[in-house]
Structures are given as structure tokens and as C-alpha cells.
Number of protein chains: 2
Amino acid sequence: MNDVNPLPLTTSVVFRLGTLGSVVTARFTTALAELELKPKHVGLMVALDSGAPPSQLELARIMAVAPSLVVSLADHLERIGAVDRVRDPADRRRQVLALTDTGRELLADCTALAHRLDEELTASLTGPEREALRRTLGLLGAEAGLPTSD
Amino acid sequence: MNDVNPLPLTTSVVFRLGTLGSVVTARFTTALAELELKPKHVGLMVALDSGAPPSQLELARIMAVAPSLVVSLADHLERIGAVDRVRDPADRRRQVLALTDTGRELLADCTALAHRLDEELTASLTGPEREALRRTLGLLGAEAGLPTSD
DNA sequence: TATTGTTATACTCTATAACTATA
DNA sequence: TATAGTTATAGAGTATAACAATA
């Protein structure tokens, strides 16, 4: 009905990125269920994996979520043995979080799972198209302050 | 800490698309507030704009949301004068929704807004990079059943 | 009896505010 | 008094289930 408009809303990067991101996250969420994890748990493990063991409040700032949410995410990860929570002896108010060996294995499982979903998602792309997509998303993500590894 | 891993989670398309999609949707949501709209209202208007006036139940199937959600989205759009709701004379159970002139103007505003955000978001990309991104996202979105216009 | 739309209710996610322990 | 973490509470968003009108 809107073919007359030279630039419909559905052609915008904002629309396509938002809707496709939502679909892809839904798939990832479903696949993560077998590991007893939600995407935010994975986000917390990614943050822990990429630097010095931070306090929960620092994590909240890094992840741009409320401190109370870090508490419940850490509660769950501790319960399944993925993180250690140790009081900082130098300041006993601080809880320092660190991935356990189990946590690192779990993160590796999430990583394998994401790359398996990647193959399904991008099966119709050529190799160069897939790499261009990965690279461009990484660039824009880095500009937006998201974790990136290259 | 995970630099030894040749393929970290953060390099996957799934991770990058999910996180960046979430950031971009948050920006779009903020910008839409001045039009008294949420992204799902825009989704409903997009669906109405791209075909024959459908019933609310058909809309719910197209948008993959619960019928009760279509009711409240349509309530709001009707309240601000963006859609007409008329009982189908041939089957008085059906409410047929259609964009009004106001609704079409509103959708045009949303479209302009999305393209303005596109410029900000992709300012660091070259023209060909931006078009490749748009095209690839459109392809993958179409495969996932999302609305596309090219 | 089946279907469309609506209303009532509940669940998930996440934030804000109140509180505890430590500094 | 200020800060880290926790707990209590509340709000947004959306689904499921019960219901009303029409077929």
C-alpha cells in the first residue's frame, strides 16, 4: 500500500536491526534454557570473562542494569556453581565475583551454541557477506559501548 | 581473559545482533515517545499499511502476538485518531482496522524518525557498507518472516 | 457449537526505594 | 555520613483464561 514511498519504514536499519534482533534473541533464549540460563546471565559471564574480577556494583555499571538485578543474576549463577562470590578482605562491603571452572565451561557451551545458531541464521549468506555483517555489527556495537573482541 | 579462544561469544552474529538490536530499539522507543507511540504500535501500523484491512485476529497472527494485545494497541491508536475500527457488515463479529489520514501522517513521521536515527547509527560506515548492512538484514529478516519492502 | 473480540488475571523482566552491614 | 549489597515493592509489557456477542 505504501510502494509509492521511496523509503518505507521497513527498509530502515533501525527497523530491521530491532525486529531481527528480537527474533534472534528469542531463539537464543530458547536454546539457553537447556543450560538453565537467560541472556542476562550470559551477559554477566561475558563481563566476568573479559577483565579483572569486579564488584557487583561495577558490574551493574558495565552492564547498564540496576544493582539489584546483578544480585539476582549472581544468586542464580552462584547456585549453579558458575561463579564464586568472595568478600573483598580490604573492604568487606564488596562482593567480588569470579567465574569458576564450571562457569568457564558453561560460557564455552553458550559460545558453541551461539555459533551453531549463527550457522543456521546465516546459511543463505556467502562467506564474505557473513563476515561483512559480523564486522559491521561489531563496529556499530563497539561505538554503542557493547563488549567486542576484535 | 579469553583471548586464547579463537571464537569468543562476543564475535557471534547472534550476540552482536541481539545486543545491538536491543540498544537500537531503546533509542527508537525513546524517540517515539514524543509521538505517543511504542514500537508495537508502529508494528501494527506497518502491518495495516502493507495490505488489505485485516481483522484484529488476523493482525495478531501476522504480528505473532496475543489477540488481547492487538485490542489494547488498537484501543490506543483509535484514541489518538490513527486507525478506524469498523464492524464488518458481512460478519458482525469482526472489527476491521484501517489507517486514517492521521495514521498515515503518523506513520510517515515514524519513518522519518527511523531514517534520522539510521544516519546517526551508521555515520561511521561507508555508503556501500551501509547498503550492504541494510540488504543483508532485509534478507535475513524476510527469511524469519518479518515485514520487508524490497 | 465455533469464532471474534474483549476483559480479567497472572507472569516475566527490570527498576526504584527501603534497609543492613561496613567504611 | 556515605557506600556495597540486599530485600521489598512496583511498573511495564505481554500472555493465558474466562467471557460476551455473533455466526
Side-chain angles (χ1 to χ4, degrees), chain A residues 18-19 21-23 25-33 36-44 47-48 52-79 83-98, chain B residues 18-19 21-23 25-33 35-45 47-48 52-79 83-98:
Chain A
T19 52
S22 161
V23 166
T25 297
R27 286 185 201 169
F28 190 46
T29 302
T30 300
L32 279 177
E36 297 182 86
L37 296 173
K38 303 282 173 65
K40 287 266 150 93
H41 296 123
V42 179
L44 180 44
L48 289 178
S55 72
Q56 293 185 187
L57 220 55
E58 287 164 341
L59 258 321
R61 282 188 285 262
I62 293 169
M63 297 176 67
V65 298
S68 59
L69 181 55
V70 175
V71 172
S72 58
L73 296 174
D75 280 351
H76 178 75
L77 290 174
E78 191 180 33
R79 199 176 319 119
V83 304
D84 272 340
R85 221 179 200 155
V86 284
R87 288 247 167 236
D88 183 345
D91 181 347
R92 293 187 40 70
R93 291 172 304 180
R94 295 162 57 91
Q95 297 265 44
V96 176
L97 297 182
Chain B
T19 51
S22 161
V23 166
T25 298
R27 286 186 201 169
F28 190 46
T29 303
T30 299
L32 279 177
L35 300 174
E36 295 182 87
L37 296 174
K38 303 281 172 70
K40 286 267 150 94
H41 296 125
V42 179
L44 180 44
M45 288 196 292
L48 289 177
S55 72
Q56 295 186 184
L57 220 53
E58 286 164 340
L59 256 321
R61 282 188 285 263
I62 292 170
M63 298 176 65
V65 299
S68 58
L69 181 55
V70 175
V71 173
S72 58
L73 295 174
D75 280 351
H76 178 76
L77 291 174
E78 190 180 34
R79 199 176 320 121
V83 304
D84 272 339
R85 220 180 201 155
V86 283
R87 288 247 168 235
D88 183 345
D91 180 348
R92 294 187 36 74
R93 292 171 305 181
R94 297 163 55 93
Q95 297 264 47
V96 175
L97 297 182

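Keep in mind the model is a prediction, meaning the values are calculated, not measured. Here is how names work: the chains are called A, B, and so on, in the same order as the sequence lines, proteins then strands, and each is numbered from 1.
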Exercise for review: Could you say whether A:Pro89 or B:Glu58 is positioned toward the 5' end of DNA chain C, judged by the nucleotide with the nearest heavy atom to each?
Suggested key: B:Glu58
Exercise for review: For B:Arg87 and D:dA21, give me the distance from atom CZ to atom C1', rounded to whole Å.
Suggested key: 8 Å
Revision key, fill the gap. Whole-Å distance, A:Leu57 CG to C:dT22 P, equals 17 Å
Review point. What integer distance in Å separates B:His41:NE2 from D:dG13:P?
Key: 9 Å
Check your understanding: Do A:Leu73 and A:Met63 touch side chain to side chain, with heavy atoms closer than 4.5 Å?
Key -> yes
Check your understanding: Of A:Ser72 and A:Arg94, whose closest DNA chain D nucleotide lies nearer the 5' terminus?
Key -> A:Arg94
Point to revise | Below 4.0 Å: OP1/OP2 of D:dG13 and any side-chain N or O of B:Lys40 | key: no
Check your understanding: Which nucleotide sits closest to the side chain of A:Ala66: C:dC13, C:dT4, C:dT16?
Key -> C:dT16
Point to revise | Nucleotide of C:dA8, D:dT6, C:dT16 approaching B:Ser68 most closely (side-chain heavy atoms) | key: C:dA8
Check your understanding: Atom NZ of B:Lys38 and atom P of D:dA12: how far apart are they, to the nearest Å?
Key -> 7 Å
Check your understanding: CZ of A:Arg85: more than 12 outside heavy atoms within 6.0 angstrom?
Key -> yes
Exercise for review: Please report, rounded to the nearest Å, how far the P atom of D:dA4 is from the CG atom of A:Asp75.
Suggested key: 19 Å
Review point. Does A:Arg93 place a side-chain N or O at less than 4.0 Å from the phosphate oxygens OP1/OP2 of D:dT3?
Key: no
Point to revise | Between C:dT14 (C1') and A:Leu73 (CG): distance, integer Å | key: 10 Å
Practice item. Look at the side chain of B:Val71 and decide which nucleotide, out of D:dG13, D:dT6, C:dG5, has an atom nearest to it. Key: C:dG5
Exercise for review: Identify which nucleotide among D:dA15, D:dT6, C:dG5 has an atom closest to any side-chain atom of B:Ser55, counting heavy atoms from C-beta outward.
Suggested key: C:dG5
Practice item. Kindly determine whether B:Gln95 and B:Arg87 satisfy side-chain contact (heavy atoms from CB on, under 4.5 Å), including the steps that lead there. Key: CA-CA 5 Å; B:Gln95 297 264 47; B:Arg87 288 247 168 235; 3.6 Å; yes
Check your understanding: Of B:Asp75, B:Leu77, B:Val83, which is the lone residue that meets side-chain contact (heavy atoms from CB on, under 4.5 Å) with B:Arg79?
Key -> B:Asp75
Review point. Contact class for B:Val70 (heavy atom, under 4.0 Å): base, sugar-phosphate, or nothing?
Key: nothing
Review point. Please give, in whole Å, the distance from D:dT7 C1' to A:Leu69 CG?
Key: 14 Å
Practice item. Indicate whether OP1 or OP2 belonging to C:dT6 is found under 4.0 Å from a side-chain N or O atom of B:Arg85. Key: yes
Study note, to complete from the structure: In this structure, CD of B:Gln56 is separated from CG of B:Leu59 (nearest 0.5 Å) by 7.5 Å
Review point. For the pair made of CD in B:Gln95 and C1' in D:dA21, what is the distance, rounded to whole Å?
Key: 11 Å
Exercise for review: With the side chain of A:Arg92 defined as its heavy atoms from C-beta on, choose the nearest nucleotide among D:dT6, C:dT22, D:dA4.
Suggested key: C:dT22
